[in-house]
Every structure is written in structure tokens, then in C-alpha cells.
Amino acid sequence: MRREQLLDRLRSTPRWDVLVIGGGATGLGCAVDAAARGYSTLLLEAHDFAQGTSSRSTKLIHGGVRYLAQGRIGLVREALAERATLLDNAPHLVHPQRFVVPVYRQWDRLLLAAGLTAYGWLAGARSLGPSRLLSVDDTLAALPGVQAAGLVGGIAYMDARFDDARLAIALMRTVFDLGGLTINHLPVTGLRHTRGRVSGIGARDAETGEAFEIAAQVVINAAGVWGDEVRQPDAPAAPAQPAPSQGPHVVLDRRFLPGGDALLIPRTPDGRVLFVIPWQGRLLLGTTDTPRADRPLEPRPLATEIDFILDTAGRYLAHRPTRADVRSAFAGLRPLLGAGGGSTAALSREHSIEVSAAGLVSVAGGKWTTYRRMAEGIVDRAVAVAGLPVRASTTAKLALHGSPGAPSDDVFGTDRAIIDRLPGAGQRIHPAFTLSEAEVRHAARSEQARAVDDLLARRHRALFIDAPAAIEAAPAVAAILADELGWSAARTAESTEAFRRVAEGFL
């Protein structure tokens with residue numbers, strides 16, 4: 001999967017059936033769905049796969065306890081069905097996770113028990129297990145490190161966690177498995193029209209500056225919170241998407257909650273829930289909502305947001321975390337639907353599909369859990385717009401790239417055998433991480449890693465779990481990438497420095 005080979009294929013293909021703009025969850029899902037139906041499929045990503053919102057989630061594949069409280073029964077039922085599908089199709093990346101809600105008032109215990117019982121029922125035959133009332137002793141055993149004073153018990157229920165960026169990489173690899181093509185660091189420069197209809201795009205290679213004119217039967221705009229940059233030039237009268245919501249997260253050492261169960265705080269002062277989740281050997285805490293008018297590629301959590309998360313979690317933990325305990329902090333921009341103003345916690349994560357008069361298919365909203373169902377509907381619409389032969393979606397039963405067919409804790413799944421044959425197998429880059437030299441080489445050869453940031457933020461999650469250690473690991477990673485990609489000394493130093501600048505926003 002050398003880049004020049006990918007570009008050669010792009011140059012030699014006169015027209016694509018389906019062209020997708022955006023390499024996040026929605027775009028990759030659309031590309032997988034289209035390729036699985038047998039349409040010639042191309043996906044272009046301006047930066048790196050999942051570099052924006054799709055690598056910055058709360059790492060949950062879930063129905064949404066909060067949506068149940070809001071009465072969105074249909075949304076919860078659909079999401080729980082998709083949870084089951086992902087557990088089947090990507091068992092190396094999506095895993096069951098037990099959550100425990102500590103309760104400090106008996107009335108709250110009764111209300112939460114009723115709600116979480118309904119949550120389990122909505123999963124039907126694909127339930128991961130019923131919710132359970134826990135005694136005080138059971139709750140303390142499940143959540144060592146929880147605040148014991150005033151505790152009257154707890155409630156346990158099942159959901160699922162995942163690695164969002166690694167799932168994106170698995171989707172990218174699946175597109176290739178199905179005969180499609182995806183290329184990162186190749187931004188679209190504009191739409192092309194023939195007789196008033198969208199007939200392709202212009203694009204430019206971010207690395208070489210080479211320009212491309214690419215023809216397609218239909219173009220899907222799945223650029224997420226940046227979708228208006230594609231959409232509005234084609235439909236100037238269309239209303240702008242609502243401003244996004246920023247969702248911050250902080251990462252702590254496991255000593256604050258050393259057990260295997262996750263903690264759910266059922267209601268924060270801003271009307272959300274807060275999760276404390278074991279993830280990648282650390283604890284992930286998130287999230288809250290902050291409206292944001294701009295759309296930066298690298299949003300940074302506000303100091304007030306970090307303090308809010310630490311303070312809220314500290315009320316439920318025996319040892320209150322402080323700023324000094326934070327190993328990494330990051331934020332994602334959520335594409336939301338709904339009227340402007342007020343709390344973004346009340347806005348919808350559901351999606352909408354818009355077709356412009358010129359035939360551009362744009363999608364807004366959505367979330368990781370339901371990416372596959374979203375993609376199915378988007379491709380159905382795109383096929384109708386383009387007049388392509390109608391073929392049914394097959395992704396409900398499609399195992400994603402690397403799937404070993406059974407639960408596994410190795411994110412590489414069946415690719416592990418390939419990695420173990422590469423130079424540096426088992427040789428760790430840094431003592432804080434599992435990342436090996438061979439995994440860096442694999443990322444360069446097979447996963448389109450083109451920069452230190454691509455590697456340490458998304459092919460491996462080092463930046464998200466320990467930013468200072470990731471900065472320390474960057475020179476070693478850069479040296480291996482330089483060997484694999486033929487970088488000059490100047491290019492190696494440039495990629496290392498660029499990563500350091502990004503990583504400062506996680507400190």
C-alpha cells in the first residue's frame with residue numbers, strides 16, 4: 001500500500017461510481033458500504049483518517065443512557081442493535097464493558113434501576129446481560145476507589161467500549177479488501193459540474209502539490225463539522241449547519257479507580273452523564289458540552305472544562321484528582337442537529353441527509369455507534385441520485401478487516417502474524433507504551449501513516465493516553481518512519497516538531 005501505487009490507481013481510473021469526501025466514521029462507513037455493494041468507490045481525506053471528531057469520542061459503543069432519559073426510545077433501540085452488530089463484526093476492537101452507578105440516595109437507586117432495566121430490555125435478544133442492584137459492599141468491591149461516605153448501594157449494567165481511531169483504520173483497510181480506494185492527506189479543492197450537476201471533484205496532494213481532476217457518478221460529502229466548506233459553495237442558499245459542541249476528556253492513571261468496571265455519574269451540573277472508563281491501561285473521563293463557534297482541526301479543552309470534569313469526578317472518588325494527575329487531555333467537535341442557543345446537551349446526535357439541486361449528497365450529525373446504519377441510508381440515497389444499479393447493503397454481516405471471528409484484546413487481530421514477521425517485532429519504542437518498532441513499520445507500509453502524528457495519535461493511541469511520554473517517543477518513531485518512507489533529515493525533523501506542537505495541546 002505504498003502511496004505512489006495508490007496515486008497511480010487514482011490517475012488511471014477514469015470515473016468512480018461513488019466518491020466520498022471525509023475519512024471519519026461516516027465517510028469510511030459509506031465507503032465500506034458502497035464498496036461492499038460492488039460500486040467502484042473512492043474516499044479522499046484532507047488530513048488523516050479519523051483525525052477530527054472520530055478519534056476523540058468517549059470510546060463507547062452504546063445505546064445512550066441519556067437518550068433513554070430524554071424519551072428517544074427509537075434512537076436507543078437502533079443504537080443497541082448496532083452495538084450487537086459491531087461486537088460481532090469487530091470483536092478485536094469492540095468489547096463488552098460493565099458500568100456501575102454508585103448511589104447515595106435510595107430514591108435515586110429506584111429511579112436508576114427502573115431506567116437501566118428498560119435499557120436492557122430495549123436490547124432484546126442481543127442484550128449483554130440484565131442490570132443488577134448492588135449492595136454497598138458489592139459496589140465498593142466493583143469500584144475500588146469510589147467515595148464510600150454516604151453510599152447506599154449501586155446499580156450495574158452492561159454496554160461496550162472500543163478504540164475509535166483503530167476502528168477507523170479497520171474500516172479503511174476493509175475498503176481496500178472490498179476493492180475500493182482510500183487516500184489520506186489529499187484534500188478536495190472544489191466540486192466539478194457538468195450541465196449543472198455535480199460530476200466530480202478537484203483535489204491536491206498535500207505532500208507533492210500534484211493536482212487531480214476526478215470524475216464520479218455521485219459525490220458524498222461526509223466531512224463532519226467541516227461539511228459546510230464542501231456543501232455551501234454548491235448550495236449557497238442552504239442554511240449553515242448548527243455550531244458544533246466541544247466534548248473534552250481527561251486521562252488519569254488507573255490508581256484512582258483500579259478495578260475493571262467503569263463508573264457512570266448519572267447527572268452532571270450541565271445535564272449530561274460523566275463516564276470514568278478503564279481504557280488503554282488508563283482512566284478516561286468525559287464528557288461535558290461547550291458550544292463552539294469555530295471549527296479547528298485540533299481543538300483544545302478549556303481550563304474550565306478540565307476543572308469541571310476533575311471536580312465532578314472528584315465528588316465520586318475517594319481521592320480527588322488534580323491537574324497534576326492528568327496524563328493527557330483532548331477535545332472533539334460534535335456535529336449536532338437542532339436550533340442554536342441553549343445547552344448543546346439537548347441537541348440531537350441523529351443525522352440528516354441533504355441532496356442539493358446539483359446532486360451533492362451531504363450528511364450531518366450522527367455518532368460512532370450507528371455509523372453503519374447511517375452509511376447504509378446515505379448510500380441508498382446516493383445510488384438513487386446517481387441512477388446506479390440498486391443493490392442491497394451487506395454490511396450487517398460483514399466482518400471488518402483484522403477480525404479474528406472471536407473476542408480478542410489485540411487491536412491488530414489477524415494482522416498480528418504479519419507484524420510479528422517485520423523487523424523490530426516485540427521491541428518497544430517507549431516503556432510507557434506497547435507500541436513496537438514492527439508496529440510502526442506496519443503502520444507505514446499498510447495503514448497509510450504519513451507523519452509522526454498519524455502514528456502516535458491514531459495508529460497507536462500514545463498521545464491520548466500519555467502526552468509527555470508520547471513526546472519522548474516521537475524521535476524514535478520519526479526515525480523508523482524515515483527509514484520506511486524515505487524521508488530526508490529535514491523532513492524527519494519537521495514531522496517530529498509538528499507532532500510536538502500538536503502534543504502540547506494535550507498536556
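A quick note: this is a predicted structure, and the numbers were derived from the prediction, not measured.
- A donor-acceptor distance shorter than 3.5 angstrom exists from the side chain of T85 to the backbone of A81, with no hydrogens or angles considered.
- Between the side chains of Q51 and N184, not a single donor N or O lies within less than 3.5 Å of an accepting N or O.
- With no hydrogens or angles considered, a side-chain donor-acceptor pair links Q246 and R292 at under 3.5 Å.
- No donor-acceptor distance shorter than 3.5 angstrom exists from the side chain of Q232 to the backbone of E229, with no hydrogens or angles considered.
- With hydrogens and angles ignored, the 3.5 Å screen pairs no side-chain donor or acceptor of T182 with any backbone N or O of L43.
- Take T496 and apply the side chain to side chain donor-acceptor pair (under 3.5 Å) test, not counting sequence neighbours, and it matches no residue.
- The shortest heavy-atom contact between V218 and A382 is CG2-O, 3.8 Å.
- In this structure, the salt bridge (Lys or Arg N to Asp or Glu O under 4.0 Å) partners of R459, at least two apart in sequence or on a different chain, are D48.
- For the residue pair D205 and T208, a side-chain donor N or O sits within less than 3.5 Å of a side-chain acceptor on the partner.
- Of the possible donor and acceptor atoms, none in the side chain of T174 sits under 3.5 Å from a partner among the backbone N and O of M172.
- The aromatic rings of F506 and F464 lie perpendicular to each other, with more than 60° between the two planes, well past the 30° mark.
- Under the salt bridge (Lys or Arg N to Asp or Glu O under 4.0 Å) criterion, R381 pairs with no residue at all, not counting sequence neighbours.
- Remark: the backbone N or O of A331 is paired with a side-chain donor or acceptor of R56 at under 3.5 angstrom.
- In this structure R231 satisfies the side chain to side chain donor-acceptor pair (under 3.5 Å) test together with D228, E354, sequence neighbours excluded.
- T304 is linked by a side chain to side chain donor-acceptor pair (under 3.5 Å) to nothing, counting only residues two or more places apart in sequence or in another chain.
- Checking H401 against D415 by side-chain atom types alone, a donor-acceptor pair falls below 3.5 Å.
- Each ring-ring contact (aromatic ring centres under 6.0 Å, His included) pair with one or both residues in residues 159-192, not counting sequence neighbours, appears once here: F162-W368.
- A donor-acceptor contact closer than 3.5 angstrom is absent between the side chains of E305 and T287.
- There is no side-chain donor-acceptor pair under 3.5 Å between T369 and H62.
- Look at R37 and D33 and you find a salt bridge, because one of the NZ, NE, NH1 or NH2 atoms lies within 4.0 Å of a carboxylate O, short of that distance.
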Next item on the list: Test F412 against H92 for ring-ring contact (aromatic ring centres under 6.0 Å, His included), laying out the working first.
Entry: CA-CA 7 Å; F412 294 102; H92 55 315; 9.4 Å; no

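- For the residue pair S54 / D164, no side-chain donor-acceptor distance below 3.5 Å is found, with atom types taken as modelled.
- Heavy atoms only, all atoms of each residue included: S403 and P91 are closest at OG-CD, 3.3 Å.
- Within the 3.5 Å criterion, the main-chain N or O of A50 finds a donor-acceptor partner in the side chain of S55.
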